[in-house]
Amino acid sequence: MRWPDSNAPKNWKDVIAGRFGAEYRVTDPLALRVGFAYDPSPVPSETMGPELPDADRLNYMIGVGYKIGPVTIDVAGMYVDKFDRTVNNQNNATLTGFNGTWKGDAWLASLDVGYRF
């Protein structure tokens, strides 16, 4: 079965995101880091689709870095608090849009080891 092609404009809007980050150097080799971001969605409810469900989100970050001679070790964590979002824009005639509620937060972690030559 072949699904019909569709041309569905998204009409995304410009948004302004706010970001903040700070580093505190405890000692020369040890650094503590924090961050926060407010990231509003550019996707209006009228054109949001299942291919890219999006919502406003708050991001909280923490990290620590340590230097041992030419080696640096950085560990970071991030929590993404994505707001729940309900949309009702399904159009059965054009097979565009959907009706539903999208939920989902995320926990992320990273480890970086570097070497300076």
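Values in this document were obtained by computation on a predicted structure and should not be read as measured data.
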Counting only heavy atoms not in R116 (residues, nucleotides, ligands), do more than 12 fall under 6.0 Å from its CZ?
no

Find out whether D84 and K103 are in side-chain contact, i.e. whether some heavy atom of one side chain is under 4.5 Å from a heavy atom of the other.
yes

Side chains of Y24 and V34 in contact at under 4.5 Å (non-hydrogen atoms)
no

Begin from the C-alpha positions of L111 and I73 and carry the test side-chain contact (heavy atoms from CB on, under 4.5 Å) through to its verdict.
CA-CA 7 Å; L111 169 66; I73 301 169; 4.1 Å; yes

Using modelled atom types only, decide if a donor and an acceptor are shared between the side chain of N99 and the backbone of Q90 within a distance under 3.5 Å.
yes

If you define the side chain from C-beta out and look only at heavy atoms, does anything of R85 sit under 4.5 Å from S45?
yes

Does some side-chain heavy atom of D105 sit less than 4.5 Å from a side-chain heavy atom of V80?
no

Tell me whether F83 shares a hydrophobic cluster with W107, the cluster being built from Ile, Leu, Val, Met, Phe, Trp, Tyr side chains joined at under 4.5 Å.
yes

Could you state whether Y38 and I16 fall into the same hydrophobic cluster, counting links through intermediate Ile, Leu, Val, Met, Phe, Trp or Tyr residues with side-chain heavy atoms under 4.5 angstrom apart?
no

Rounded to the nearest 0.5 Å, what's the gap from CH2 on W102 to OG1 on T86? Could you check?
11.5 Å

How about K67 and D28: do any of their side-chain heavy atoms sit closer than 4.5 Å?
yes

Report the C-alpha separation of E46 and V87 in whole Å, then their side-chain angles, then the decisive distance to 0.1 Å, and conclude whether the side-chain contact (heavy atoms from CB on, under 4.5 Å) test is met.
CA-CA 8 Å; E46 301 79 34; V87 296; over 6 Å; no

Distance check, rounded to the nearest 0.5 Å: L108 atom CG versus N59 atom CG?
8.5 Å

First locate atom OH of Y115, then atom CD1 of I68, and finally report the distance between them rounded to the nearest 0.5 Å.
12.5 Å

Drop me the distance from R25's CZ to R33's CZ, to the nearest 0.5 angstrom.
6.5 Å

Can you tell if the side chain of N11 reaches within under 4.5 Å of the side chain of K13, non-hydrogen atoms only?
no

Minimum side-chain heavy-atom gap W12-L52 below 4.5 Å
yes

Is it true that, when you exclude I62 itself, more than 12 heavy atoms of the residues, nucleotides or ligands shown sit nearer than 6.0 Å to its CD1?
no

Mind running side-chain contact (heavy atoms from CB on, under 4.5 Å) on T47 and N89 for me, showing each step along the way?
CA-CA 7 Å; T47 62; N89 67 9; 5.6 Å; no

Taken in chain and number order and not counting sequence neighbours, the residues that satisfy side-chain contact (heavy atoms from CB on, under 4.5 Å) with Y60 are F36, L58, Y79, D81

Is M61 reachable from L32 through a run of hydrophobic residues whose side-chain heavy atoms are each under 4.5 Å from the next?
no

Looking at side-chain heavy atoms only, is the closest gap between V71 and V113 below 4.5 Å?
yes

Measuring from M48:CE to S41:OG, what's the distance to the nearest 0.5 Å?
7.5 Å

